[in-house]
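In what follows, a single structure is set out as structure tokens and then discussed.
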Amino acid sequence: MQYTEIMVRYGELSTKGKNRRAFIDRLGFNVRETLHDFPDLVVKANRDRMHIQLHGEDSSAVMARLQQVFGIQNFSPSIKVERDVEAVKQTAVAMIKEHYQAGMTFKINTRRSDHDFKLDTNEMNDLLGGHILRTIPGIKVKMKQPDLILRVEIRQNGIFLSSQTIDGAGGLPVGTAGKGMLMISGGIDSPVAGYLALKRGVELEMVHFFSPPYTSEQALNKAKELTAKLAPFAGRIKFIEVPFTEIQETVKHDVPAGYLMTVQRRFMLRIAALLADKRDDLAIFNGESLGQVASQTLESMVAINDVTTLPVLRPVVSLDKNEIIEIAQKIGTFELSVMPFEDCCTIFAPPAPKTKPRLERARLYESRLAVDALIKRALAGVKVTEIRSGEKFLTENSDTFAELL
């Protein structure tokens, strides 16, 4: 059917108090960002629900995007008809016929915000229900758990009918819980951590460390593609790439093998924290799952976290690998994550990394390195890409760190 509007119902937003308007406004902004390439849409974010006027845009494509916007409980494609009973009857029959199969039951659910309309809700239910029973052979009314529900909303600007309710992504609108930076690799875990952070309303920027020629251009693009998979949940995401070759070569040459991973990750976290501070990010997120690999023990976390006072949040810390994979498959990142491109976390991995590194030893080995100079040179090569929903990588910057921030 040619739908004219999509009616969006809010999830957790309905429980908010005095700041509810701010949450709704942010959701409206996010929906417009996600649907930026549908130029004829009009989005009206009202207090009780949101109305997306299609003006001829492809409703299926719009709804596919909406299912990835956090803050939406569910939505219904609707058809607007004039405030004429005969027109409503014709549209109601057409909508029921579209989904009806032999033996199905139905009911009518009318809401009336315009109390000056000549029929009240019970009268409209009776009128439409009787017309459908007479017009569609074999259909029956069932008030509890029917197969089909036809929803009718009587407003001052028209009467709106819908027969589907499609689940949204739930959660909170991205941006309502502050801004953070996700350390994204090319693996399975970090995109899932990013998805979970976005679901709780965090606006994310991605930071990715790459080490040419040890890591390939394909590996870098893989991390960007993973970010692109998450972009529909946020509207747009900044992808920050940090050259890490010199640091890794130096650490490999000057640090005992057992502490390679620990010291490398301390460098990564230092750089992420510097970027976060300059870009007003309030926390750093990563994909660490407790005990999954050597660098994800509590002892390793203590030794690595030592370099920053920013909160380091781990959304998948208590999930096992199968649980993480299940979410990755759901959000469409799994197949991309398992593509066999090396990332900088694995290229110099020692055969026997310390699973319980000592903080004082990590500090000692790091003190022998020109830490500030190495970080300064890495930051000078930072690039930023803006990735928007529905687009390839939009903008690339090759500015120096100072110009960029």
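- Using a distance-only test at 3.5 Å, with no hydrogens or angles considered, no donor-acceptor pair links the side chain of Thr34 to the main chain of Arg65.
- A donor-acceptor pair is defined here as one N or O able to donate and one able to accept, closer than 3.5 Å; such a pair exists between the side chain of Ser289 and the backbone of Leu319.
- Residues satisfying the side-chain contact (heavy atoms from CB on, under 4.5 Å) test with Lys252, not counting sequence neighbours, are Leu260, Phe348.
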Original post:
Does the side-chain contact (heavy atoms from CB on, under 4.5 Å) test come out yes or no for Leu133 and Phe106, once each step is laid out?
Top reply: CA-CA 10 Å; Leu133 286 169; Phe106 82 105; 3.9 Å; yes
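- Note that CD of Glu299 is 11.5 Å distant from CD1 of Ile304, once rounded to the nearest 0.5 Å.
- Inter-residue side-chain proximity for Leu27 and Ile24 is flagged as unmet; no heavy-atom pair is nearer than 4.5 Å.
- Under 3.5 Å, the side chains of Arg9 and Asn74 contain a donor-acceptor pair of N or O atoms.
- Using modelled atom types, no side-chain atom of Thr176 and backbone atom of Leu172 make a donor-acceptor pair closer than 3.5 Å.
- Of the possible polar contacts, none joining the Arg200 side chain to the Gly171 backbone as a donor-acceptor pair under 3.5 Å is found.
- For Gly287 against Val316, the heavy-atom pair with the smallest separation is O-CG2, 3.4 Å.
- By the 4.5 Å heavy-atom criterion applied to side chains, Asp281 and Leu204 are not counted as neighbours.
- Side-chain contact, Glu5 with His51: a donor N or O sits under 3.5 Å from an acceptor N or O.
- Between the side chain of Asp147 and the main chain of Thr105, a donor-acceptor pair closer than 3.5 Å is present.
- Using modelled atom types and a 3.5 Å distance limit, the side chains of Arg151 and Thr165 yield a donor-acceptor pair.
- Counting heavy atoms of neighbouring residues, nucleotides and ligands inside a 6.0 Å radius, atom NZ of Lys107 exceeds 12 of them.
- In plain terms, the two heavy atoms of Met183 and Ile284 that are nearest each other are SD-CG2, 3.7 Å.
- A salt bridge does not link Arg83 to Asp116: none of the charged nitrogens lies less than 4.0 Å from a carboxylate oxygen.
- Counting heavy atoms from C-beta on, the side chains of Ile159 and Glu153 never come closer than 4.5 Å.
- A distance of 10.0 Å separates OG1 in Thr385 from NZ in Lys238, rounded to the nearest 0.5 Å.
- Atom-to-atom distance recorded for Glu123:CD and Asp120:CG is 4.0 Å, nearest 0.5 angstrom.
- Residue pairs meeting the ring-ring contact (aromatic ring centres under 6.0 Å, His included) criterion with at least one member in residues 258-303, sequence neighbours excluded, are Tyr259-Tyr365.
- Nearest heavy-atom pair across Ala378 and Ile247 is CB-CD1, 4.1 Å.
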Original post:
salt bridge (charged side-chain N to carboxylate O under 4.0 Å, His left out) between Glu366 and Arg270: does it pass, once the steps are laid out?
Top reply: CA-CA 12 Å; Glu366 193 177 75; Arg270 283 180 187 275; 2.4 Å; yes
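- In this structure, the side chains of Ile325 and Phe334 come closer than 4.5 Å at one or more pairs of heavy atoms.
- With contacts defined as side-chain heavy-atom distances shorter than 4.5 Å, the pair Glu386/Arg388 qualifies.
- Interatomic distance, CG of Leu148 versus CD1 of Ile96, reported as 5.0 Å (0.5 Å rounding).
- Residues Ser78 and Met7 have side chains in contact (heavy-atom distance under 4.5 Å, counting atoms from C-beta outward).
- With respect to Asp372 and Lys376, no salt bridge is recorded, no charged nitrogen being found less than 4.0 Å from a carboxylate O.
- Here the CE-CD1 distance, from Met268 to Ile375, works out to 12.0 Å after rounding to the nearest 0.5 Å.
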**OP:** Test Leu230 against Met206 for side-chain contact (heavy atoms from CB on, under 4.5 Å), laying out the working first.
**Re:** CA-CA 10 Å; Leu230 296 177; Met206 308 301 189; 3.5 Å; yes
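- Separating the CG atom in Asn286 from the CD atom in Gln296 is a distance of 7.5 Å, to the nearest 0.5 Å.
- Residue-environment remark: CZ (Arg21) exceeds the threshold of 12 foreign heavy atoms within 6.0 Å.
- The nearest pair of heavy atoms linking Gly187 to Leu226 is O-CD1, 4.2 Å.
- No side-chain heavy atom of Leu269 sits less than 4.5 Å from a side-chain heavy atom of Arg265.
- The backbone N or O of Gln164 lies less than 3.5 Å from no partner atom in the side chain of Ser162, so there is not a single donor-acceptor pair.
- Between the side chain of Lys222 and the backbone N or O of Ser337 there is at least one donor-acceptor pair closer than 3.5 Å.
- The ring-ring contact (aromatic ring centres under 6.0 Å, His included) pairs that include a residue from residues 160-200 are Phe70-Tyr195, Tyr195-Phe233, where partners are two or more places apart or lie in different chains.
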**OP:** Could you check Leu182 against Glu205 for side-chain contact (heavy atoms from CB on, under 4.5 Å), going step by step and ending with a plain yes or no?
**Re:** CA-CA 6 Å; Leu182 174 71; Glu205 298 184 308; over 6 Å; no
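- Between Asp114 and Arg155, none of the side-chain N atoms (NZ, or NE/NH1/NH2) sits under 4.0 Å from a carboxylate O, so this pair counts as no salt bridge.
- The 12-atom threshold is not exceeded at NE2 of His253, counting heavy atoms of other residues, nucleotides or ligands nearer than 6.0 Å.
- For Glu360, the CD atom counts as densely surrounded, since its 6.0 Å shell holds more than 12 non-hydrogen atoms of other residues, nucleotides or ligands.
- A heavy-atom distance below 4.5 Å is not found between the side chains of Phe239 and Ile237.
- Thr110 places no side-chain N or O within 3.5 Å of a backbone atom of Asn122 that could act as its donor or acceptor partner.
- Nearest heavy-atom pair across Phe209 and Ala272 is CZ-N, 4.4 Å.
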**OP:** Mind running salt bridge (charged side-chain N to carboxylate O under 4.0 Å, His left out) on Glu241 and Lys224 for me, showing each step along the way?
**Re:** CA-CA 9 Å; Glu241 53 191 89; Lys224 289 183 179 180; 3.4 Å; yes
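- Identified under the salt bridge (Lys or Arg N to Asp or Glu O under 4.0 Å) test for residues 89-101, with sequence neighbours left out: Glu86-Lys89.
- Scanning both residues, Tyr100 and Ala102, for their nearest heavy atoms gives OH-CA, 3.8 Å.
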**OP:** Give the C-alpha distance, both sets of side-chain angles, the deciding distance and a yes or no for side-chain contact (heavy atoms from CB on, under 4.5 Å) between Leu220 and Thr215.
**Re:** CA-CA 8 Å; Leu220 177 61; Thr215 59; over 6 Å; no
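- Proximity of a side-chain donor or acceptor of Thr297 to a complementary backbone N or O of Thr355 within less than 3.5 Å is detected.
- The backbone N or O of Lys80 sits less than 3.5 Å from a side-chain atom of Thr4, completing a donor-acceptor pair.
- The salt bridge (Lys or Arg N to Asp or Glu O under 4.0 Å) contacts involving residues 302-313 comprise Arg266-Asp306, Asp306-Arg363, where partners must be two or more places apart or lie in separate chains.
- Sequence neighbours left out, the pairs with a member in residues 320-338 that pass salt bridge (Lys or Arg N to Asp or Glu O under 4.0 Å) are Asp189-Lys321.
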